[in-house]
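Notes follow once the structure below has been shown.
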Amino acid sequence: MASFDPTNVNLNDVDPAQVICYLNASGNDYNGQLGARISAIFVILFCSTAATFFPVVAQRIPSLKIPVYVYLFARYFGTGVIIATAFIHLLDPAYGEIGPNTCVGMTGNWAQYSWVPAIVLASVVVIFLMDFGAELYVESKYGIVKHDERGVIVQDVHLHDHHHITPAACPTKETPQTLPSQKIACNEQESDSVVAEKSFRQQIAAFLILEFGVMFHSVIIGLNLGVVGDEFATLYPVLVFHQSFEGLGIGARMSAIPFKRNSYLPWLLCLAYGLTTPISIAIGLGVRNTYNPNSNTANIVSGVLDSISAGILIYTGLVELLARDFLFDPDRTSDRRRLAFMIVCILLGAGLMALLGKWA
């Protein structure tokens with residue numbers, strides 16, 4: 001691009017890529033406001049962490065007596081947020097970074113193919129294979145669980161009238177079991193435990209993939225907020241809501257996973273999300289005079305990561321959240337009023353997150 005002279009352009013033979021790359025090469029736009037940028041670290045840390053913890057606290061500490069509709073709002077509003085994030089906050093920016101009409105997308109091998117949808121497709125396929133592989137692994141490890149032709153879970157035990165049998169009646173080394181009905185009851189208890197373990201492993205695998213995709217996005221957001229120019233004043237408050245809404249979605253999905261009551265993993269995962277963006281902002285401030293978010297390297301890294309994250313969230317949002325909660329959940333509520341509330345929450349979450357895409 002060194003030979004391109006923007007003051008002397010012949011429209012008949014100019015390479016459009018030269019024009020696009022020149023316009024994009026704005027360099028580092030950092031314009032001070034260091035105090036406000038430092039405050040963003042703590043404000044976003046508090047808001048996003050609090051939003052992430054709220055659904056988990058509501059579910060794991062019943063003594064707080066948080067109304068069920070408040071919990072449902074957090075859970076399904078979060079579902080809408082995640083879906084909108086995939087399309088509005090990841091897929092669209094990826095096209096703006098490495099798409100066909102960008103500096104990256106018009107130069108070198110990037111110009112030979114539309115890489116954004118290819119990377120998204122690859123991401124979706126990889127996540128599907130990982131999800132399916134985890135399903136097969138869990139089923140092979142816990143072979144007691146089977147499915148009938150309708151896909152409904154059944155157990156390898158036969159039900160009899162054993163309701164008078166208590167867990168204490170199950171055999172131990174000191175008290176070997178002798179009654180057939182005791183054996184049946186204890187087998188069913190063991191089978192229920194296996195079903196719960198299988199469900200937990202499948203859900204935690206899907207959740208970790210989801211959080212991984214969201215945190216990718218949060219890293220890029222944090223770096224950019226640390227060095228962005230005049231638009232910082234607008235971007236700052238928008239990102240407070242942006243990260244809080246995403247945190248609410250993360251926490252809501254985590255609250256639905258059957259962790260053991262004394263497990264510390266949910267709290268660590270909440271904290272991991274809450275810390276990601278503030279740490280990235282701090283890093284951005286550390287390199288505020290040298291980092292160029294508009295360079296080809298930065299655009300390629302951001303575009304690829306956004307494309308990967310978009311694929312992860314598209315698969316997770318549509319398959320793991322919408323389809324699994326509303327189409328394939330045998331325990332889904334039949335209360336029409338509650339279902340309507342859940343749908344409205346999804347639409348509200350998706351709509352508000354899509355609106356935030358106007359600024360960030």
Side-chain angles (χ1 to χ4, degrees), residues 1-33 37 85-123 213 215-236 238-239 242 277 280-281 283-314 354 356-360:
M1 301 302 158
S3 61
F4 178 69
D5 181 4
T7 63
N8 184 20
V9 177
N10 186 338
L11 296 178
N12 293 319
D13 56 16
V14 67
D15 182 357
Q18 290 184 311
V19 178
I20 296 296
C21 290
Y22 174 80
L23 294 175
N24 286 352
S26 59
N28 185 305
D29 296 326
Y30 177 76
N31 63 349
Q33 305 180 71
R37 295 174 196 266
T85 297
F87 289 98
I88 306 299
H89 297 267
L90 291 171
L91 187 59
D92 185 59
Y95 272 102
E97 291 155 345
I98 60 173
N101 295 319
T102 64
C103 178
V104 173
M106 298 177 72
T107 56
N109 292 326
W110 294 96
Q112 305 302 314
Y113 192 74
S114 184
W115 287 102
V116 172
I119 296 172
V120 172
L121 175 62
S123 179
M215 288 174 67
F216 256 169
H217 178 48
S218 297
V219 169
I220 303 300
I221 283 177
L223 287 173
N224 288 342
L225 187 63
V227 301
V228 75
D230 293 336
E231 60 267 38
F232 171 78
T234 302
L235 199 59
Y236 181 0
V238 169
L239 288 186
H242 181 284
T277 302
S280 298
I281 296 173
I283 294 173
L285 289 176
V287 296
R288 61 187 181 276
N289 294 316
T290 57
Y291 176 65
N292 181 5
N294 298 311
S295 68
N296 264 25
T297 300
N299 279 326
I300 290 171
V301 172
S302 298
V304 171
L305 291 182
D306 281 348
S307 298
I308 292 172
S309 298
I312 292 173
L313 266 65
I314 287 171
L356 289 181
K358 176 178 174 60
W359 300 281

Determine whether [X] and [Y] make a side-chain contact, defined as any pair of heavy atoms from C-beta on separated by less than 4.5 Å.
X	Y	result
Y95	P117	yes
C103	N296	yes
L235	W359	no

Decide yes or no on side chain to side chain contact (heavy atoms under 4.5 Å, CB included) for W110 and I300, but give the supporting numbers first. CA-CA 10 Å; W110 294 96; I300 290 171; 3.6 Å; yes

Provide the closest heavy-atom pair for [X] versus [Y] in the form atom of the first, atom of the second, distance.
X	Y	result
V120	A310	CG2-CB, 4.3 Å
L313	A86	CB-CB, 3.6 Å
A94	G303	CB-O, 3.8 Å
T277	S218	OG1-CB, 3.2 Å
G284	V227	O-CG1, 3.4 Å

Check whether [X] reaches the backbone of [Y] with its side chain - one donor and one acceptor, N or O, closer than 3.5 Å.
X	Y	result
N299	E97	no
T107	V104	yes
R288	G226	no
S123	I119	no

What's the separation between atom [atom1] in [X] and atom [atom2] in [Y], rounded to the nearest 0.5 Å?
X	Y	atom1	atom2	answer
L305	H217	CG	NE2	11.5 Å
I98	M106	CD1	CE	15.0 Å
F216	L90	CZ	CG	11.5 Å
I220	S280	CD1	OG	8.0 Å
C21	N294	SG	CG	12.0 Å
I20	T102	CD1	OG1	8.5 Å

Under 3.5 Å, is there a donor-acceptor pair between the H242 and H89 side chains? yes

Can you tell me which residue among N224, L239, L225 is in a side-chain contact (heavy atoms from CB on, under 4.5 Å) with F232? L225

Could you please spell out the steps behind the side chain to side chain contact (heavy atoms under 4.5 Å, CB included) verdict for N31 and D230? CA-CA 7 Å; N31 63 349; D230 293 336; 2.9 Å; yes

Mind running side chain to side chain contact (heavy atoms under 4.5 Å, CB included) on I314 and F87 for me, showing each step along the way? CA-CA 8 Å; I314 287 171; F87 289 98; 3.9 Å; yes

Does atom CH2 of W115 have more than 12 heavy-atom neighbours, drawn from other residues, nucleotides or ligands, at distances under 6.0 Å? no

